[in-house]
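Here's the structure we're looking at; comments come further down.
We count residues from 1, following the sequence as given. Atoms considered below: every heavy atom in the structure, side chains included; atoms not considered: hydrogens, waters and symmetry mates.
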Amino acid sequence: MRVAPYLAHKWKASVAKQEREELRSAHEAAFERWKRDVLAHDAAERRRADEALRWFPVHLVSRPRRVDVYGGTADGWAALLATLGGSLLANGKGLWLLDLSHQTVGRELAALADVQRVPVARVELPSRLVPPDLSWGLTAEELAEVLAEALSTLRPEGAVVDLRATDAGILHSVLERLDAPVTYGRIASGLEVLLRVHESDHAPEPLTPSELDRLTTAIDVVGQSERIQNELRFLYDVIRLLARAQQNPITVPAPDQWLVPGQLTILSTHDVTERRKDVMDRVVFFLVLHQLRRGRVPANAGTLVIAGAEHLGRPALEAMARQARIAGVRLMLLMTHVREDIRPLLGGQDSATVLMRLGNAEEAKAAAEFIGQGHRFVMNQLTRQVGESHSTGRSHSYGGGDSETGGWSTSWQNSVNSSTDKSVTRGETVSRVYEFTVEPTQIQSLPPTGLILIETSPQSRRVVFGDCNPAITLLPHVADAPRLPE
């Protein structure tokens, strides 16, 4: 029995339709599974992104003994001190802040320490006990050297080098003839005696008859030359300026209590007269330096932070950095500007550098040059050459012949040929160029709490962007350990 062709065709069409339906159903099922997988993957990625850590602590890989901070505002410094100081104090380390900035940058850190019940010693200078009484352990010779060293920084570089020795000799002659306590006013009164202008009723501070007798005998010892008289007037003017400061009736802790583990000590200078504050800053700075030289500060006790120290000059800062390293105390210098005279401190021995906002274009450029340059390959030339050539030819031939049978033939041939060639050549040139790793404009536009850390480790140079806003610790997804290197 044979099936009609129409029925066979209809059966085949039905089978094909069924197969198409099955394939469509399989495709739709696979598509639905794919959509579910995509949605599940996207949800997992969103969940991973939401749960991922976004902030990591910035740590110093090279473990330097000195950290230099350039730039920044008062709010930025306060945030940096609160973030760094809170971490150090929480770990039981001591922190000693010498605030010369006149901006009270340690106030937020002190408030945080009070909340955490960390001992805080606050000293606002001038005080009645600075320069220190001999009970601090300074001899007349040591105190004279400290004052002479501090006052020598008031002179421009290149001044006569032995003026410092002359000042120290004069001050020593006064100090060794004074009884305790030693104050600026009593030193100024002693200098008046050497200048032969002392009047007991108008003296900065009264002297005892025995002190007057001893100081009178020192007039001939000091000398009466013009140079000595000039130095006497210089010392008297400076010490008298300090004696006029309104002193706070506070007790200054002994030097061995300045840097105590688990304690915050803040020494700040304030005065309405800028020249007096400048001299006071230098005296206090060199008093601290002298205590480090004498070993009065225990090693590894904590960190010494000096805020607003750039006006003291590079030699003074280098001396402090050297002595802090010898004493085993970590030093942190906060400087508002990258001045020409202190630029050699950038990247000093065993140090790390932190850059904050620098508004000045020249200072931002100097900071960018210190960070360094990187290279990349860029296309700097494109070439396109187009060529075309034409050629034309013509040939003509004629031939003829006859045969023995009486036939003959003649042929003519003319041919013309032409050709055209076109060519296009394209090329590009790539060269290596060097650019700033961080552009100066980026440094100028940093947020108040933004910073750039630059340190050199045995492996490589490290440049890290960070933020010292203490409020970041209250945000979600903050890590409690530094990020692992990639």
(request) Let me see the working for Val305 and Asp99 under side-chain contact (heavy atoms from CB on, under 4.5 Å), right down to the final yes or no. (result) CA-CA 8 Å; Val305 181; Asp99 186 5; over 6 Å; no

(request) Please report the closest heavy-atom contact between Asp68 and Leu345, naming both atoms and the distance. (result) OD2-O, 3.6 Å

(message) Please give me the minimum heavy-atom distance between Leu171 and Ala148, naming the atom from each residue.
(response) CD1-N, 4.0 Å

For residues 228-236, which side-chain N or O atoms pair as donor and acceptor with protein atoms under 3.5 Å away, sequence neighbours left out?
from   : atom 1 : to     : atom 2 : distance (Å)
Gln229 : NE2    : Gln224 : OE1    : 3.0
Asn230 : OD1    : Arg233 : NH1    : 3.3
Asn230 : ND2    : Glu226 : O      : 3.2
Glu231 : OE1    : Arg155 : NH2    : 2.6
Glu231 : OE2    : Arg155 : NH2    : 3.4
Tyr236 : OH     : Glu192 : OE2    : 2.5

(message) Does Asp480, at its CG atom, have more than 12 non-hydrogen atoms belonging to other residues, nucleotides or ligands within less than 6.0 Å?
(response) no

(request) Can you see which heavy atom on Leu358 is nearest to which on Tyr70, and at what distance? (result) CD2-C, 4.4 Å

(request) Evaluate the side-chain proximity of Glu176 to Thr139: yes if any heavy-atom separation is below 4.5 Å, no if none is. (result) no

(message) Counting only heavy atoms from other residues, nucleotides and ligands, does the tally under 6.0 Å from CD of Gln349 exceed 12?
(response) no

(message) In the structure I gave you, are the side-chain heavy atoms of Cys468 and Met356 within less than 4.5 Å of one another anywhere?
(response) yes

(message) Quick check: do Val338 and Glu310 have side-chain heavy atoms less than 4.5 Å from each other?
(response) no

(request) Kindly give the heavy-atom pair with the smallest separation between Trp96 and Leu267, and that separation in Å. (result) NE1-CD1, 3.4 Å

(message) Is there a side-chain contact between Val354 and Ile452 in this structure, where contact means two heavy atoms from C-beta onward sitting under 4.5 Å apart?
(response) no

(message) With side-chain contact (heavy atoms from CB on, under 4.5 Å) as the criterion, how do Glu428 and Gln381 come out once you've worked through the C-alpha distance, each side chain's angles and the decisive distance to 0.1 Å?
(response) CA-CA 6 Å; Glu428 61 183 39; Gln381 184 177 358; over 6 Å; no

Name the atoms and distances for all side-chain donor-acceptor pairs under 3.5 Å in residues 322-331, with sequence neighbours left out.
from   : atom 1 : to    : atom 2 : distance (Å)
Arg330 : NE     : Pro64 : O      : 3.2
Arg330 : NH2    : Pro64 : O      : 3.2

(request) State, without any angle test, whether Asp467 and Thr449 hold a side-chain donor-acceptor pair at a distance under 3.5 Å. (result) yes

(message) Could you check whether Arg294 pairs with Glu142 (Lys NZ or Arg NE/NH1/NH2 to Asp/Glu carboxylate O, under 4.0 Å)?
(response) yes

(message) Looking at every heavy atom in both Thr217 and Arg214, which two are closest together, and how far apart are they?
(response) OG1-O, 2.5 Å

(message) Contact between Leu84 and Met332 at the side-chain level, heavy atoms closer than 4.5 Å - yes or no?
(response) yes

(request) Taking atom types as modelled, find out whether Thr183 and Glu205 have a side-chain donor-acceptor pair closer than 3.5 angstrom. (result) yes

(request) Starting at CD of Gln444, measure out to CD of Gln442 and round the result to the nearest 0.5 Å. (result) 11.0 Å

(request) Return the set of residues passing salt bridge (Lys or Arg N to Asp or Glu O under 4.0 Å) with Glu318 (not counting sequence neighbours), or none when no residue passes. (result) Arg314

(message) For a quick test of reading the model, state the closest non-hydrogen atom pair linking Ala316 to Phe286 and the distance between them.
(response) CB-CZ, 3.8 Å

(request) Scan side-chain atoms only and decide if Thr208 and Glu211 contain a donor-acceptor pair under the 3.5 Å cut-off. (result) yes

(request) Inspect the contact between Glu45 and Arg48 and indicate whether a charged nitrogen and a carboxylate oxygen are less than 4.0 angstrom apart. (result) yes

(message) Please determine whether a side-chain nitrogen of the Lys or Arg among Lys277 and Glu274 lies less than 4.0 Å from a carboxylate oxygen of the Asp or Glu.
(response) no

(request) May I ask you to decide if Ser62's main-chain N or O and Glu455's side chain share a donor-acceptor pair within less than 3.5 Å? (result) yes

(request) Indicate yes or no for a side-chain donor-acceptor contact from Arg186 to the backbone of Asp179 under 3.5 Å, with no hydrogens or angles considered. (result) yes

(request) Determine whether Leu175 and Glu141 make a side-chain contact, defined as any pair of heavy atoms from C-beta on separated by less than 4.5 Å. (result) no

(request) Decide yes or no on side-chain contact (heavy atoms from CB on, under 4.5 Å) for Leu60 and Leu453, but give the supporting numbers first. (result) CA-CA 9 Å; Leu60 298 173; Leu453 169 66; 3.7 Å; yes

(request) Using the test ring-ring contact (aromatic ring centres under 6.0 Å, His included), find all partners of His270 that sit at least two apart in sequence or belong to another chain. (result) His102

(request) Give me the one residue out of Asn469, Val105, Leu334 that meets side-chain contact (heavy atoms from CB on, under 4.5 Å) with Leu80. (result) Leu334

(message) Let me confirm one number: the CZ-CZ distance from Arg343 to Phe370, rounded to the nearest 0.5 Å.
(response) 12.5 Å

Can you give each donor-acceptor pair under 3.5 Å made by side-chain atoms of residues 106-121, sequence neighbours left out, with the distance rounded to 0.1 Å?
from   : atom 1 : to     : atom 2 : distance (Å)
Asp114 : OD2    : Arg122 : NH2    : 2.6

(request) Indicate yes or no: at least one non-hydrogen side-chain atom of Pro448 is less than 4.5 angstrom from one of Arg357. (result) yes

(request) Assess whether side-chain contact (heavy atoms from CB on, under 4.5 Å) is satisfied between Ile266 and Leu95, documenting all intermediate values. (result) CA-CA 8 Å; Ile266 301 178; Leu95 184 64; over 6 Å; no

(request) For residues Leu333 and Val69, determine if any side-chain heavy atom of one lies less than 4.5 Å from a side-chain heavy atom of the other. (result) no

Got a list of side-chain donor-acceptor pairs under 3.5 Å for residues 49-58, not counting sequence neighbours?
from  : atom 1 : to     : atom 2 : distance (Å)
Arg54 : NH1    : His477 : NE2    : 3.3
Arg54 : NH2    : Ala49  : O      : 3.3

(request) Let me know which of Asp271, Thr269, Asp281 forms a side-chain hydrogen bond (donor to acceptor under 3.5 Å, both in side chains) with Arg276. (result) Asp271

(request) Mind checking the NE2-CZ spacing from His41 to Arg46? Nearest 0.5 Å is all I need. (result) 10.5 Å

(request) Please round to the nearest 0.5 Å and tell me the distance separating atom CD1 of Ile371 and atom CZ of Arg461. (result) 8.0 Å

(request) With rounding to the nearest 0.5 Å, note down the distance linking CG in Leu97 to CG in Leu304. (result) 8.5 Å

(message) Please check if the number of heavy atoms outside Glu439 that lie under 6.0 Å from its CD is greater than 12.
(response) yes

(message) If I take atom CG from residue Leu355 and atom CG from residue Leu451, how far apart are they, to the nearest 0.5 angstrom?
(response) 9.0 Å

(request) Could you verify whether a donor N or O on one side chain and an acceptor N or O on the other, from Asp75 and Thr73, lie under 3.5 Å apart? (result) no

(message) Can you see whether Thr265 engages Gln263 through a side-chain donor-acceptor pair at a distance of less than 3.5 angstrom?
(response) yes

